[in-house]
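Quick one: this structure, given as structure tokens, is what I'll be asking you about.
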Amino acid sequence: MRVILRFIALIVVVTVTLFGGFISYIFPQTYCDVIEINWGIVIPTDGGYSLEVSADSGASFNGDGTRYHVMYFDDAERISYLLGWSKEIPESIIDYSEQLLDELDIYYRPDYGSCVFYTQTKSDGSQILIFWDESRQEMYVLEEFL
């Protein structure tokens with residue numbers, strides 16, 4: 001009888017653990033978790049950060065649309081070494097970013113002259129643009145899902 005109870009307890013513990021992991025994957029805890037799931041980019045949050053601005057173009061059936069987030073990081077040096085930042089931002093990227101921010105009606109924008117830049121594009125054309133302003137310790141993340 002004891003063996004059966006231990007076996008049942010073990011199954012319950014394993015089930016709860018797996019279910020918890022599944023739920024945390026489906027419902028990420030932070031926006032940085034969402035970036036990791038969608039883009040494979042791990043942004044360290046253990047040094048302290050806060051979400052300053054959050055906007056999106058609204059829900060859609062296909063999940064497409066635009067998202068914009070501005071995050072402040074306490075540990076600026078760590079973020080400065082996070083990605084392969086480009087120091088020169090192409091004018092076409094600035095124009096594209098401005099167009100998306102205009103569509104979202106956002107006034108809190110990066111100072112492109114003070115930022116370094118990273119981008120990644122998926123096979124479906126979806127794109128993430130990340131601007132990092134070390135002097136302000138702010139990361140501007142603009143995602144367009146197609």
Q. Under a 4.5 Å cut-off applied to non-hydrogen side-chain atoms, are F117 and I93 in contact?
A.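 Touching, per the 4.5 Å side-chain cut-off.
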Q.
Rounded to the nearest 0.5 Å, what separates atom CG in L51 from atom OG1 in T45?
A.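 Spacing of CG (L51) from OG1 (T45) equals 12.0 Å.
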Q: With rounding to the nearest 0.5 Å, note down the distance linking CG in L142 to CD in E98.
A: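 Going from the CG atom of L142 to the CD atom of E98 covers 9.5 Å.
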Q. Between Y31 and I79, is there a shared hydrophobic cluster once you connect ILVMFWY residues whose side-chain heavy atoms come closer than 4.5 Å?
A.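 Hydrophobic grouping puts Y31 with I79.
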**Q.** OG1 on T30 to CD1 on I43, rounded to 0.5 Å
**A.** 8.5 Å
Q | Any L82 side-chain heavy atom under 4.5 Å of R78 side chain | A | no
Q) Is S126 reaching over with its side chain to a backbone N or O of L146, donor-acceptor style, under 3.5 angstrom? A)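 Yes: the side chain of S126 pairs with the backbone of L146.
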Q: Answer with yes or no whether the hydrophobic clustering places Y72 together with Y118; edges join I, L, V, M, F, W, Y residues whose side-chain heavy atoms lie under 4.5 Å apart.
A: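 No, separate clusters.
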**Q.** Criterion side chain to side chain contact (heavy atoms under 4.5 Å, CB included) against D56, the qualifying member of E143, H69, R67
**A.** R67
**Q.** Positive for side chain to side chain donor-acceptor pair (under 3.5 Å) with E138, one of Y49, Y108, W132
**A.**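 By the side chain to side chain donor-acceptor pair (under 3.5 Å) criterion, E138 pairs with just one of Y49, Y108, W132: Y108.
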Q.
Taking the side chain as everything from C-beta on, heavy atoms only, tell me whether L83 gets closer than 4.5 Å to I41.
A.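 SC-SC contact between L83 and I41 confirmed.
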Q) Under 4.5 Å between any side-chain heavy atoms of S86 and V116, yes or no? A) no
Q: Taking atom types as modelled, find out whether Y112 and S97 have a side-chain donor-acceptor pair closer than 3.5 angstrom.
A: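 Short answer, yes.
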Q) With side chains defined as the heavy atoms from C-beta onward, is the minimum distance between S80 and F73 less than 4.5 Å? A) no
Q.
Just verifying a value: how many Å separate D133 CG and Y140 OH, rounded to the nearest 0.5 Å?
A. 5.0 Å
(Q) Is the shortest side-chain heavy-atom distance between L104 and S57 below 4.5 Å? (A)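 In contact.
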Q) To the nearest 0.5 Å, what is the distance between CZ (R109) and CG (L101)? A) 4.5 Å
Q.
Pair W85, I130 - check side-chain contact (heavy atoms from CB on, under 4.5 Å), show working.
A. CA-CA 9 Å; W85 300 110; I130 304 176; 3.6 Å; yes
Q) If only atom types and distance count, is the side chain of K122 paired as donor or acceptor with the main-chain N or O of N38 below 3.5 Å? A)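 Answer holds: yes.
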Q.
Could you report the tightest heavy-atom contact between Q127 and T119, atom names first, then the distance?
A. NE2-OG1, 3.0 Å
Q | Straight-line distance of M139 CE to E134 CD, nearest 0.5 Å | A |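 The CE atom of M139 sits 11.0 Å away from the CD atom of E134.
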